[in-house]
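Here the structure is a predicted model, which means the values were calculated and not measured. Sequence lines set the chain letters: A, B, ... in the order given, protein chains first and strands last, and positions in each chain run from 1.
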Amino acid sequence: MKLSLTLEVQSDPRLLSVIRSAVERFAEVVGFSEEDCRAITAAVDEAVTNVIRHAYQNRHDQPIRIVFEGRDDGLEFVLTDRGLAPDPAKLRGRPLEEVRPGGLGTHIMARVMSRVEYETSAEGNRLRLFKALESKPAGGG
Amino acid sequence: MKISTRQSGNATVFDVTGDIDLQSSPELRKALLDAARQGPSPRLVVNLQGVKYVDSSGVAALVEGLKSAMGQGGKFVLYGLGPAVREMLKLTQLITVFQVAENEEDAVRRAG
């Protein structure tokens, strides 16, 4: 099985709900549980939010490309933007013992996804989010 | 997202509906902080029954409301958490930081 979908969107927060709907439905089609679908949706939403806030500094007219790929072993999202490169120190997330707002998005991505990889090149920033699919019983779904 | 406010007993109840994300969380943050700063001892209850999704900026708005209310010697109680909201609070390890009530009666009593 290989399923793919590409979204080209502006960095406008009004489109986040549209992206979330697509991610949740896609994860469902690939075969994730309802709870996993919600968690994957949250992780991708946080990734796009980070692009809008940090890479594009809240400019709402910049391009974001999201490639979805469903495979037998799981689901991968590749986000590409042309904004500022991420700060490596912030990519590690922060300890959660201190109760304060901010810095939670990176933690959510790391907790939910099986693999999170950042890459910066002359073409822009690329973030790969991969979630492994647990093996399903024969004949299921 | 929509927010409406009403009084129930001694508490101010915020009925929040829709998704709380980067687009909408500043409005929630402002509403909670404005109410918390009207202290002393603000008693704030947030009804999340109509919320299907909250992101980290929404969680941050709730944390700021909590800290502000507590800082004024008040109370801050959540109720009506659906699966997505509950899972997000668990993911961010903040579920234990909030007082979470079973229903409005319990929430108002805790805030009282």
Notebook entry, point to check: When hydrophobic residues are tied together by side-chain contacts of less than 4.5 Å, even through go-betweens, does B:F76 share a cluster with B:L81?
Noted result: yes
Check: In Å, rounded to the nearest 0.5 Å, how long is the span from CG of B:L22 to CG of A:D12?
Finding: 10.0 Å
Notebook entry, point to check: Does a sphere of radius 6.0 Å around CZ in A:R71 hold more than 12 heavy atoms from other residues, nucleotides or ligands, not counting ones at 6.0 Å or beyond?
Noted result: yes
Check: With a 4.5 angstrom heavy-atom cut-off, which part of A:E35 approaches chain B: side chain, backbone, both or neither?
Finding: both
Notebook entry, point to check: More than 12 foreign heavy atoms under 6.0 Å from CD of A:E119: is that the case here?
Noted result: yes
Checklist line | Atom pair CD/CG of A:E46 and B:D21 - distance to nearest 0.5 Å | finding: 9.5 Å
Note to self: Please determine whether the number of non-hydrogen atoms from other residues, nucleotides or ligands lying under 6.0 Å from atom CD of A:E8 exceeds 12.
What the structure shows: yes
Check: In Å and rounded to the nearest 0.5 Å, what is the CD to CG distance from B:E87 to A:D36?
Finding: 9.0 Å
Item checked: Hydrophobic cluster membership, B:V54 vs B:V97, 4.5 Å side-chain cutoff -> yes
Check: Of the non-hydrogen atoms in B:Y53 and A:T41, which two are nearest, and what is the gap between them?
Finding: OH-O, 4.4 Å
Item checked: Atom CD of B:E105 with >12 non-hydrogen neighbours under 6.0 angstrom -> no
Next item on the list: State the CG-CG distance between A:L16 and B:D19, to the nearest 0.5 angstrom.
Entry: 10.0 Å
Notebook entry, point to check: Is B:V45 linked to B:I95 within one hydrophobic cluster, defined over Ile, Leu, Val, Met, Phe, Trp and Tyr using a side-chain heavy-atom separation of less than 4.5 Å?
Noted result: no
Notebook entry, point to check: What's the shortest heavy-atom distance between B:S56 and A:G105, and which atoms?
Noted result: OG-N, 3.9 Å
Item checked: Gap separating the OG1 atom of B:T92 from the CZ atom of A:R111, nearest 0.5 angstrom -> 9.0 Å
Item checked: Distance (rounded to the nearest 0.5 Å) between B:K52 NZ and A:R20 CZ -> 13.5 Å
